[in-house]
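Heads up: the structure comes next, in structure tokens.
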Amino acid sequence: MADIAVIGGGAAGAAAFGELLARFDAGTIHWIVGRQAPGRGVAYATRDDRHLLNVRASGMGVFQEQGEDFIQHASRQLGLVKGTDFLPRRVFGDFIQAQVGARIDAARRAGRSFRIYPENALEVMRRGEGGYAVRTGDRWLDVEHVVLAVGALAQRPLRTVSASALASGAYELDPWRLDRHVKAPRRVLVIGTGLTAVDTLLSASVQWPHAELVAVSRHGLWPFTHSALPLSPYPHQETLNQSLLACGGVASMLRKVRKALDEAPGIDWRSIIDGMRPINALLWQELTHRQRRQFLRHARWIWESSRHRMAPASCQAIHQLQEEGRLQVQAARVLEVDGSSPLQVTLRERATQLVSTLEADLVVQATGLDTAVAYGEHDLLSQLLRDGLAVADPLQLGVLAQPNGRLLDATGTPQRGLYAIGSLLRGNLWECTAMPEIRIAAHRLAVQLAEASSIRRPHDVASEVREADPHG
Ligand SMILES: Cc1cc2nc3c(=O)[nH]c(=O)nc-3n(C[C@H](O)[C@H](O)[C@H](O)COP(=O)(O)OP(=O)(O)OC[C@H]3O[C@@H](n4cnc5c(N)ncnc54)[C@H](O)[C@@H]3O)c2cc1C
């Protein structure tokens, strides 16, 4: 039997599992979800409704063909919702679970074979006769294909954090676990000013209304903000995109984007950045290793702030905290975090190069996605690297793979039946971590695997779900 294992219980795993349930009937689909609630992963497990999606409701979805759209689902929970709204991420987590639940019901009715395991996959070995053996606990599963949807790595402490600071319990590596700090801190220092830092500060401001909040990052730059309403597209986007694809270098790409902005003063810069989204993976693939490194070193910070923008309501809440004097932001490098209670945080200010030390009762590391698999402590990924079934991207952006997600082995050969989806593919695709891209990738992969297993098609459970769902 051509069984499949999907490893990872986040949104990408849910998308891959649901797409496979709808079209793969050559064997059993094993979904190994880890110990958290399946489908939500890191982004959609939050229960704090101040944590908003950074994509408008109309742009969010989990499958290519859904039983109902996200706006309909959210309207049932929240009242009237517009496609242009930025909704709480919790609601999208509920939506994923409902959509996967509908596919599971339909798969049961269709007699499809699947199993869900609330545990981690610990090892993946290549079998001599082809296919893979996947270990979860004491059990080995023999499968033809493996889809790795394990997300980014758990954060590693910055090198500047001392062992005593880490042991003190006052240095938090998981920004989504503020709830485990029961004693109200007088000052909370958040390292990072990206989207995760914004959410962390909004939660901290409510959890500890009297705490002073400080956010520190090298540039001290918040993500830019989405416009309240969608922007008109830049009329010459296609020409611009063609010329960007012909550029062959980061500096000349940036010059072209700047020129386009100068020549179209009435156009909002955000529509030009958004209009590049369909070609971002291609642009990235055109760059040489050296050019990618240059981009990461010199342009990434401004690209990330411009491309991954925050919802207008999040921006307003952050500005209000700043205006009330409760939140300060500093452009500085963290030189050291030491001590215990309180922690001593030594900073070098970007503008003046002055070094100073701040005391904080709680320091939260919110420094963004870590995909440096060669350095992370992820049992499964470490084993895959050790056994030559995966190779770390040289710029620490996940693993080496083809654009369709097929992993390369230590000899650079694409491996039959071993795929990844989501942030592990940043080295190849760059733009692959958000739902719009994950959703397309999951659909393509499921179609490809279903076809590869030469299965009876198109008996499509998705259509049954639509028929069965009264809201569809
Ligand atoms: C805070 C935040 C907000 C975001 N907001 C948006 C947004 O508004 N819109 C958008 O489109 N995108 C957003 N994103 C991007 C987001 O990354 C994707 O939307 C999506 O959630 C990625 O899901 P994932 O499954 O790839 O990763 P994850 O959410 O990290 O899920 C991976 C899962 O795999 C599990 N796992 C790991 N190893 C194993 C193993 N060995 N065995 C079994 N399970 C394992 C992990 O425990 C985890 O549950 C956001 C990301 C973050 C972090």
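The figures here come from the full heavy-atom set of this structure, side chains too, leaving out hydrogens, waters and symmetry mates. Start at 1 and go down the list; that is how both ligands and their atoms are numbered.
When heavy-atom distances to ligand 1 are checked against a 4.0 Å cut-off, Val150 comes that close through both its backbone and its side chain. When non-hydrogen atoms are compared, ligand 1 lies under 4.0 Å from neither the backbone nor the side chain of Ala14. When heavy-atom distances to ligand 1 are checked against a 4.0 Å cut-off, Trp176 comes that close only through its side chain, counted from C-beta outward. Here Met435 has heavy atoms under 4.0 Å from ligand 1 in both its backbone and its side chain.
Not a single N or O atom of Leu53, backbone or side chain, sits closer than 3.5 Å to an N or O atom of ligand 1. For ligand 1, one of its N or O atoms has an N or O atom of Asn54 under 3.5 Å away. Below 3.5 Å of separation, one finds an N or O of Ala121 facing an N or O of ligand 1. Residue contacts with ligand 1: His378 is placed with a nitrogen or oxygen under 3.5 Å of a nitrogen or oxygen of the ligand (distance criterion only). Geometrically, ligand 1 and Gln36 share a nitrogen or oxygen pair separated by less than 3.5 Å.
In this structure, Pro436 counts as a contact residue of ligand 1, since one of its heavy atoms falls inside 4.0 Å of the ligand. Not a single heavy atom of His51 sits closer than 4.0 Å to an atom of ligand 1. Using a 4.0 Å heavy-atom cutoff, Tyr44 is listed among the residues neighbouring ligand 1. Taking 4.0 Å as the cut-off, Ile438 counts as a neighbour of ligand 1 on heavy-atom distance. Between Phe92 and ligand 1 there is no heavy-atom distance shorter than 4.0 Å. Within the 4.0 Å heavy-atom shell around ligand 1 one does not find Arg35.
Identified under the side-chain hydrogen bond (donor to acceptor under 3.5 Å, both in side chains) test for residues 385-399, with sequence neighbours left out: Gln383-Asp387. Residue pairs meeting the salt bridge (Lys or Arg N to Asp or Glu O under 4.0 Å) criterion with at least one member in residues 417-437, sequence neighbours excluded, are Arg277-Glu431, Arg277-Glu437, Arg307-Glu431.
The aromatic ring centroids of Phe295 and Trp430 lie less than 6.0 Å from each other. For an aromatic pair to be called close, the ring centres must be under 6.0 Å apart, and Tyr117 with His30 satisfies this.
Protein heavy atom in closest approach to atom 2 (C) of ligand 1: Ala43 CB, 3.8 Å. Looking at atom 53 (C) of ligand 1, its nearest protein heavy atom turns out to be Val42 CG1, 4.2 Å. The protein heavy-atom contact nearest to atom 15 (C) of ligand 1 is Thr433 O, 3.2 Å. Distance from atom 31 (O) of ligand 1 to its nearest protein heavy atom, with residue and atom name: Gly10 CA, 3.3 Å.
A cation-pi arrangement is present between Arg309 and Trp269, with the terminal nitrogen or guanidinium carbon under 6.0 Å from the aromatic centre and inside a 45° cone about the axis. Cation-pi geometry between Arg112 and Phe24 is not met: the NZ or CZ atom fails to fall both under 6.0 Å from the ring centre and inside 45° of the normal.
Atoms CG and NE2, on Leu20 and His443 in that order, are 11.5 Å from each other to the nearest 0.5 Å.
In this structure, a donor-acceptor pair under 3.5 Å is absent between the side chains of Thr46 and Asp48. A donor-acceptor contact under 3.5 angstrom links the side chains of Arg40 and Gln97, judged on distance only. Gln402 and Asn428 share no donor-acceptor pair across their side chains, judged by distance under 3.5 Å alone. Side-chain N/O atoms of Glu324 and Gln320 include a donor and acceptor closer than 3.5 Å.
A salt bridge does not link Arg50 with Asp199: none of the charged nitrogens is closer than 4.0 Å to a carboxylate oxygen. Ion pairing of Arg444 with Glu19 is absent here, as no side-chain N (NZ or NE/NH1/NH2) approaches a carboxylate O to less than 4.0 Å. Under a 4.0 Å N-O distance rule, the pair Asp274/Arg270 does not qualify as a salt bridge.
Residue-ligand proximity, Gly41 to ligand 1, at heavy-atom distances under 4.0 Å covers atoms 29 (O), 31 (O), 49 (O). Heavy-atom contacts of Ala12 reach the following atoms of ligand 1: 23 (O), 24 (P), 25 (O), 26 (O) (cutoff under 4.0 Å). Near Ile7, meaning under 4.0 Å from any of its heavy atoms, are these atoms of ligand 1: 40 (C), 42 (N), 43 (C). Here is the list of ligand 1 atoms found below 4.0 Å of a heavy atom in Ala149: 32 (C), 34 (O). Every atom of ligand 1 is numbered from 1 in the order shown, and the set under 4.0 Å from a heavy atom of Ala434 is 10 (C), 11 (O), 12 (N). For ligand 1 and Ile32, the ligand atoms under 4.0 Å from any heavy atom of the residue are 43 (C), 44 (N). Listed by number with element, the atoms of ligand 1 under 4.0 Å from a non-hydrogen atom of Gly34 are 43 (C), 44 (N). Remark: ligand 1 atoms within the under-4.0 Å shell around heavy atoms of Gly9 are 33 (C), 34 (O), 35 (C).
Using the six-membered ring where Trp is involved, Phe70 and Phe95 have ring planes that are tilted, between 30° and 60° apart.
None of Gln155, His181, Gln365 except one satisfies the side-chain hydrogen bond (donor to acceptor under 3.5 Å, both in side chains) rule with Glu172; the exception is His181.
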